[in-house]
Amino acid sequence: MPADSPAEVGRRIAYHRHLANLTQDRLADRAGLGSGTLPKIERGARLPSDHVLQSIADALGIDPASLREHHLPSAERAHTMMPNLRAILASWDDPDDGPTRFLPELREAVDEVQQYRLAAQYARIMREGPALLAEALRALAAAQPAERAEAARIAISACRTVDAAAYKYGAVDLSGRIIDTMRWLAHVADDPITHATVAYVRTEQYFASRAHAAGQRALERAIDVAPAPTTSGAVAARAALHMRAAVIAARAGDGDAADEHTSHATRLAETVREGVYAGTAVGPDSVRIHQVSLSVSLGGTRLGQALAIAREWAPPRSMCAERRSGFYIEMARAQLHAGHPGHAFEALKVAQRLAPQHVREHRWVREDISALIRRRKTSVESLTSFAQWCGAE
């Protein structure tokens with residue numbers, strides 16, 4: 001049978017759909033296909049176009065090459081794109097020539113790609129993000145003095161989007177280079193909320209290096225100089241810093257500081273509507289998810305707090321997919337530590353349905369699936385399929 005025959009492609013799509021625990025109707029809806037199209041593709045009656053195959057792959061949270069023969073894993077394919085991104089960053093202040101849109105149009109394009117980050121579409125970011133970042137840096141280099149601050153803010157947004165993919169794919173050093181670029185650009189932007197946003201993103205490096213106490217200090221300094229909470233944007237910026245400070249304090253084992261930052265975040269978040277502010281999801285629901293995260297990090301009796309939240313509450317559908325899936329990833333770890341492996345696996349499957357790429361690239365997911373397999377207290381076949389999908393050992 002030819003490698004890319006309709007029957008073989010259809011078989012692979014059906015296989016990955018079953019791994020993701022999706023019905024044909026659900027996958028078709030996610031991929032924007034007509035109700036009768038996917039059944040025809042899966043039974044080999046129709047060979048999907050590259051565009052349709054890409055839409056299906058995005059909906060499954062996998063690289064489209066996974067649906068063809070001789071494919072590379074999505075993370076490996078993403079890493080083949082990293083040298084180009086490194087080259088763009090190396091010349092951020094002296095970019096190559098190329099087409100550049102006017103700032104309003106460029107801002108719209110960057111905002112659109114930012115939605116891929118919030119939806120945990122990392123493969124799509126790696127396809128489109130580097131070129132958009134290069135264009136944003138060209139726009140900054142060509143900007144008139146009155147436009148430079150806005151151009152820098154656009155470039156920072158583009159940096160943050162590609163950083164999300166680089167960090168999730170494990171390119172921590174490249175992520176650090178991106179964040180260093182963001183910090184330089186923040187001086188050009190000359191905007192307190194932008195500085196707060198960059199401080200929030202920079203915490204990734206402290207998490208990656210497990211320098212939690214240092215990260216806590218850096219965030220607390222950022223809070224000290226954050227803008228006064230006199231506007232919704234300033235309130236959200238300060239609340240976001242407190243949310244992240246609470247989590248990293250918990251990782252550092254400082255429960256008192258974690259509780260104090262949570263208290264500040266809760267008070268601030270109650271004054272704004274849940275939403276995305278300067279690229280960060282902030283609001284009462286986001287704070288609740290961070291409360292679960294710090295409870296899991298502190299462990300012990302704190303696990304009961306996380307489990308209590310899960311019994312009474314679930315993230316609303318209006319929240320971005322990455323944050324919703326993060327809640328269930330945290331809950332899986334809480335259930336596992338509490339001795340409920342079946343509940344832990346169910347939480348991971350919910351996270352997978354919400355944001356497949358986020359789950360597939362998350363280190364905790366692989367660790368937890370490996371632990372569940374060792375315990376063998378739930379369906380071994382299902383666990384093995386999930387482990388193969390996310391690369392757990």
Side-chain angles (χ1 to χ4, degrees), residues 1-81 116 119-128 165 168-169 321 325 328 345-362 365-366 368-370 372-373 376 378-393:
M1 180 181 293
D4 286 331
S5 69
E8 187 65 11
V9 171
R11 183 192 64 76
R12 293 193 188 101
I13 290 171
Y15 170 76
H16 284 284
R17 176 174 62 78
H18 286 300
L19 283 184
N21 196 26
L22 294 174
T23 64
Q24 287 184 331
D25 286 343
R26 183 74 181 274
L27 177 57
D29 181 62
R30 282 189 179 187
L33 303 178
S35 60
T37 301
L38 187 61
K40 291 179 182 177
I41 291 173
E42 288 195 356
R43 67 173 181 264
R46 175 176 173 178
L47 181 66
S49 66
D50 288 344
H51 175 74
V52 169
L53 200 67
Q54 182 66 66
S55 297
I56 293 172
D58 285 342
L60 289 168
I62 62 176
D63 192 287
S66 301
L67 304 177
R68 297 188 183 279
E69 191 77 327
H70 307 304
H71 66 274
L72 290 172
S74 60
E76 186 176 340
R77 286 177 62 83
H79 277 281
T80 67
M81 305 174 191
Y116 303 159
Q121 295 286 344
Y122 308 124
R124 195 168 185 180
I125 289 171
M126 289 308 301
R127 288 196 304 273
E128 302 179 27
K168 290 299 190 299
Y169 284 130
S325 71
Y328 289 102
F345 189 39
E346 289 303 314
L348 289 177
K349 289 191 288 186
V350 173
Q352 181 195 42
R353 290 196 293 271
L354 293 172
Q357 291 183 35
H358 187 207
V359 174
R360 193 176 192 186
E361 305 303 334
H362 204 293
V365 171
R366 292 190 288 273
D368 291 350
I369 286 295
S370 296
L372 288 170
I373 289 175
R376 297 184 182 277
T378 186
S379 170
V380 175
E381 183 178 354
S382 297
L383 281 171
T384 300
S385 294
F386 201 108
Q388 291 173 343
W389 173 78
C390 68
E393 296 180 358

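- Shortest non-hydrogen contact noted between Ala120 and Ala355 is CB-CB, 3.9 Å.
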Kindly indicate, with the supporting measurements, whether the criterion side-chain contact (heavy atoms from CB on, under 4.5 Å) is fulfilled by Tyr122 and His358.
CA-CA 8 Å; Tyr122 308 124; His358 187 207; 3.5 Å; yes
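- Contact annotation: the side chain of Gln388 approaches that of Thr384 to within less than 4.5 Å [non-hydrogen atoms, C-beta and beyond].
- A distance of 10.0 Å separates CD of Gln357 from CG of Leu60, quoted to the nearest 0.5 Å.
- Atoms CG and CG, on Leu67 and Leu53 in that order, are 5.0 Å from each other to the nearest 0.5 Å.
- Contact detail for Tyr328 and Ala347: the closest heavy-atom pair is CB-O, 3.4 Å.
- Taking CG of Asp29 as the reference point, atom CG of Leu38 lies at 11.5 Å (rounded to 0.5 Å).
- From Cys390, atom SG reaches atom CG of Asp368 across 9.5 Å, with rounding to the nearest 0.5 Å.
- Judged purely by atom type and a 3.5 angstrom limit, Tyr116 has no side-chain atom pairing as donor or acceptor with the backbone of Met126.
- Nearest heavy atom pair, residue Pro6 against residue Gly44, reads CB-O, 3.3 Å.
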Let's go through Ile369 and Phe345 carefully: what are the C-alpha distance in whole Å and the side-chain angles of both, what is the deciding distance for side-chain contact (heavy atoms from CB on, under 4.5 Å) to 0.1 Å, and is it a yes or a no?
CA-CA 8 Å; Ile369 286 295; Phe345 189 39; 3.9 Å; yes
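- Taken to the nearest 0.5 Å, the CZ atom of Arg360 stands 9.5 Å off from the CD atom of Gln352.
- Side-chain contact between Val365 and Trp389: absent, with no pair of heavy atoms (C-beta onward) separated by less than 4.5 Å.
- Here the closest non-hydrogen pair linking Phe386 and Leu348 is CZ-O, 4.0 Å.
- Between atom NZ of residue Lys40 and atom CG of residue Leu33 there is a gap of 12.0 Å, rounded to the nearest 0.5 Å.
- For Gln54 and Asp58, the side-chain atoms include at least one donor-acceptor pair closer than 3.5 Å.
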